[in-house]
Protein chains: 2
Amino acid sequence: MVTRRRTDGTRPAAADSAPEAVGEAAGGEAETGSGPLASVLRPVRAGNGFEETLEQVLQLLRLGLVPPGGRLPAERELSQHLGVSRVTLREVLKVLQDQGMVESRRGRYGGTFVLPRAGAADGSDELRRRVAAVDLEDTLRFREVLETGAAGLCADGLPAEGEGRLRAALEATQGARLEDYRRQDTLLHLTLAELSGSTSLAAGYASVRATLNELLDCIPLLVRNLEHSQQQHAAVVEAVLDRDAEAAREMMREHCGGTAALLRGFLA
Amino acid sequence: MVTRRRTDGTRPAAADSAPEAVGEAAGGEAETGSGPLASVLRPVRAGNGFEETLEQVLQLLRLGLVPPGGRLPAERELSQHLGVSRVTLREVLKVLQDQGMVESRRGRYGGTFVLPRAGAADGSDELRRRVAAVDLEDTLRFREVLETGAAGLCADGLPAEGEGRLRAALEATQGARLEDYRRQDTLLHLTLAELSGSTSLAAGYASVRATLNELLDCIPLLVRNLEHSQQQHAAVVEAVLDRDAEAAREMMREHCGGTAALLRGFLA
DNA sequence: AAGCAATGGTTCTCTGTCATACCTTAAGCC
DNA sequence: GGCTTAAGGTATGACAGAGAACCATTGCTT
């Protein structure tokens with residue numbers, strides 16, 4: 001999907017090739033290595049504005065925050081929220097439109113609307129490539145950490161106002177039809193992450209969950225498994241409302257373990 | 001510190017002011033709200049390249065990955081790792097040089113060297129302002145989640161090769177002089193995060209730890225507390241090497257709780 | 001002493017993005 | 001029917017940043 005940009009080859013290697021050269025003096029130890037440094041030296045502004053914006057908007061769709069048939073925020077508004085110019089955002093929307101993922105309508109009450117998933121007829125190949133690029137272990141582990149963390153934090157310090165939202169989100173998953181299940185499931189977990197009281201956690205979860213959903217789209221949705229998930233959801237929410245952090249974490253860990261096993265089985 | 005850039009006023013509000021307008025059709029529910037959307041609609045490319053790069057390089061220093069007296073990677077190399085042009089990186093280094101935080105030497109075996117902390121004589125005021133802008137609860141909670149998660153993951157699946165690194169990092173903290181303690185402590189935790197097997201976790205931890213260190217620089221270093229930390233470090237590492245995930249998580253949670261209480265007490 | 005190599009220092013050009021203004025379309029309202 | 005309004009569609013000038021080439025400095029090697 002989406003060739004465009006990154007005009008030619010991916011960032012020419014330019015000159016340089018010095019092997020390593022960090023922390024050699026004073027403090028010593030030369031803990032150089034591709035070790036700790038690698039955690040920090042990740043690229044600022046990976047890719048260009050266009051690519052990053054595309055990533056964000058795709059995340060919006062993958063998380064189901066805007067359901068099929070739903071309308072995205074107006075271009076002027078969305079571009080502002082994303083901190084990007086309207087021109088750049090429009091380039092992204094143009095691509096999504098060409099891909100048949102969204103549709104733009106002009107005039108008052110117009111806007112950009114999400115189209116139902118188009119069977120991924122030709123997207124299948126693209127999907128495989130994308131998924132191959134994902135670090136499965138990283139995704140699954142990080143997800144488990146954030147989920148259990150969120151569950152624990154919620155159990156510890158959920159504001160009374162949050163109880164209603166949580167219950168509502170749980171009920172929505174229980175009443176969901178099959179084709180809407182993933183979306184409601186995502187929203188439930190996202191709600192939990194938000195209620196954790198850490199915006200960093202919520203942002204991190206949104207990102208990892210978008211990746212996860214992409215992976216989940218590659219494997220069958222097993223009704224058997226789904227029912228099990230439902231029970232676990234209920235148990236987690238119950239533990240949170242009981243303010244039993246340990247139980248909430250444990251249930252969530254189990255819940256994540258299930259998905260992880262499924263994905264490892266099908267994709268590894 | 002570092003005015004520069006963002007040429008005039010911060011991103012003019014432009015037009016728009018539409019209240020909300022998401023997910024109104026089909027799937028319905030209109031879960032619009034500043035709720036879930038807010039997690040995803042965070043700005044792509046916050047600020048400009050200069051600011052983001054400055055942030056990254058400061059993180060490098062705050063984490064102590066390059067110790068005082070140590071040399072940063074060569075400009076050509078560092079700029080490449082950061083995905084930023086050498087010119088932009090140089091603007092950042094120029095600022096840090098003006099602030100007396102680093103020093104550049106030319107010629108072969110030259111480079112950019114980290115100077116010992118200059119007492120923060122006039123930096124104090126700047127420090128207060130920065131710290132005021134930090135979301136303390138977010139930082140502490142997110143930190144606890146990542147740390148306990150990392151400890152648990154390490155206990156579950158630490159490769160044999162990692163045991164040595166972990167032991168070495170622990171010993172380094174125990175042998176550290178007072179002024180080097182924070183740095184070694186950071187490196188120990190960073191090692192644990194890296195060994196978790198999730199690069200996302202490691203990256204997230206590096207970021208949150210840089211913020212944490214900034215906060216810690218505002219409060220006194222209590223020897224009493226430090227000794228306690230040392231015992232907890234040993235206990236966590238022991239639990240990890242024993243492959244006892246539950247114990248590792250519990251000890252780590254306690255460890256984080258201590259720092260959190262300290263910071264909440266001094267700063268809240 | 002001369003040459004080499006690795007580093008910081010400087011300059012130029014070209015492209016992506018931003019900001020802004022304006023045009024067009026379509027639904028509701030008077 | 002015509003006006004208003006809220007959306008998408010288009011055009012343009014200014015600037016930040018990337019990329020590349022080149023200069024200057026230093027220490028090691030021969």
Side-chain angles (χ1 to χ4, degrees), chain A residues 4-22 24 43-54 71-80 82-94 96-97 102-113, chain B residues 4-22 24-25 43-54 71-94 96-97 102-113:
Chain A
R4 273 221 28 163
R5 298 300 181 78
R6 177 51 43 78
T7 324
D8 49 286
T10 43
R11 293 187 182 277
D16 299 271
S17 62
E20 276 302 328
V22 181
E24 53 185 36
V44 161
R45 348 196 84 189
N48 51 35
F50 170 79
E51 285 169 352
E52 279 183 69
T53 306
L54 177 61
R71 196 190 68 177
L72 269 64
E75 292 179 355
R76 291 171 175 82
E77 190 186 352
L78 189 52
S79 66
Q80 197 188 354
L82 292 173
V84 92
S85 81
R86 206 182 142 211
V87 178
T88 303
L89 174 63
R90 279 178 56 70
E91 288 185 57
V92 167
L93 294 179
K94 171 69 163 47
L96 295 180
Q97 200 165 15
V102 303
E103 174 196 33
S104 285
R105 291 205 286 274
R106 311 222 291 189
R108 197 175 181 181
Y109 300 95
T112 305
F113 297 83
Chain B
R4 273 222 25 161
R5 295 298 180 82
R6 177 50 45 75
T7 322
D8 48 287
T10 43
R11 292 189 184 274
D16 301 272
S17 62
E20 275 301 330
V22 182
E24 54 185 35
V44 162
R45 348 196 83 188
N48 51 34
F50 170 82
E51 286 167 352
E52 281 182 67
T53 306
L54 177 60
R71 195 190 67 174
L72 268 62
E75 292 179 356
R76 290 172 175 80
E77 190 187 352
L78 189 53
S79 67
Q80 198 187 354
H81 279 307
L82 291 173
V84 94
S85 81
R86 206 181 141 212
V87 178
T88 303
L89 174 63
R90 280 179 55 70
E91 289 184 57
V92 167
L93 294 179
K94 171 68 162 49
L96 295 180
Q97 199 165 15
V102 303
E103 173 197 32
S104 286
R105 293 204 286 274
R106 312 219 290 189
R108 196 176 182 180
Y109 302 93
T112 306
F113 296 83

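Proteins come first, then strands; the chains are lettered A, B, ... in the order of their sequence lines, and each starts at number 1. The figures here come from the full heavy-atom set of this structure, side chains too, leaving out hydrogens, waters and symmetry mates.
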Between G111(A) and V87(A), the residue closer to the 5' end of DNA chain D by nearest nucleotide is G111(A)
Gap between atoms CZ and P, on R105(A) and dT5(D) respectively (whole Å): 23 Å
So for the helix from dA1(C)-dT30(D) to dC30(C)-dG1(D), with five pairs setting each end axis, what is the inter-axis angle to 10°? 10°
Whole angstroms only, please: what is the CZ-C1' distance between F113(B) and dG8(C)? 11 Å
Nearest 0.5 Å please: distance from the CD atom of E91(B) over to the OG1 atom of T53(B). 9.5 Å
Using a cut-off of less than 4.0 Å, is there contact between a side-chain N or O of T88(B) and OP1 or OP2 of dA16(D)? no
Using the test side chain to side chain donor-acceptor pair (under 3.5 Å), find all partners of E103(B) that sit at least two apart in sequence or belong to another chain. R105(B)
Rounded to whole Å, how long is the line connecting atom CG of L78(B) with atom C1' of dG8(C)? 13 Å
Return the value, rounded to whole Å, for the distance between atom CG of L82(B) and atom P of dG19(D). 13 Å
To the nearest 0.5 Å, what is the distance between CZ on F113(A) and CD on Q97(A)? 12.0 Å
With a cut-off of less than 4.0 Å, is there a side-chain N or O of T112(B) near OP1 or OP2 of dT7(C)? no
When rounded to whole Å, the CD to P distance for the pair E75(B) and dG19(D) reads 16 Å
Could you pull out all residues at least two apart from R106(B) that satisfy salt bridge (charged side-chain N to carboxylate O under 4.0 Å, His left out)? none
Comparing L93(A) and L89(B) on DNA chain D - which has the more 5′ nearest nucleotide: L93(A)
Can a donor-acceptor pair under 3.5 Å be found between the side-chain atoms of R90(B) and the base atoms of dG9(C)? no
Is there a side-chain contact between S85(A) and the phosphate of dC18(C), meaning an N or O under 4.0 Å from OP1 or OP2? yes
Could you tell me the separation between the CG atom of N48(B) and the C1' atom of dA16(D), rounded to a whole number of Å? 8 Å
Mind checking what makes side chain to side chain contact (heavy atoms under 4.5 Å, CB included) contact with R90(A), not counting sequence neighbours? E75(A), R86(A)
In Å, rounded to the nearest 0.5 Å, how long is the span from CG of L78(A) to CG of L89(A)? 5.0 Å
Closer than 4.0 Å, any side-chain N/O of S104(B) to the OP1 or OP2 of dT7(C)? no
Test side chain to side chain donor-acceptor pair (under 3.5 Å) applied to R108(B) - qualifying residues, sequence neighbours left out: none
Looking only at the side chain of V84(A) (C-beta and beyond, no hydrogens), which of the listed nucleotides dC18(C), dA7(D), dA18(D) gets closest? dC18(C)
How close do R76(B) and S79(B) get, counting heavy atoms only, and between which atoms? O-OG, 3.1 Å
Between protein and nucleotides 26-30 of chain D, what N or O pairs are separated by less than 3.5 Å?
from: dT26(D); atom 1: O2; to: R108(B); atom 2: N; distance (Å): 2.9

Sorted by chain and number, sequence neighbours left out, side chain to side chain donor-acceptor pair (under 3.5 Å) with S104(B) holds for T112(B)
Could you give the CZ-to-P distance, from R86(B) to dC12(C), as a whole number of Å? 16 Å
Which residues share a side chain to side chain donor-acceptor pair (under 3.5 Å) with S85(A), sequence neighbours left out: T88(A)
Separation of dG9(C) atom P from E91(B) atom CD, nearest Å, is 13 Å
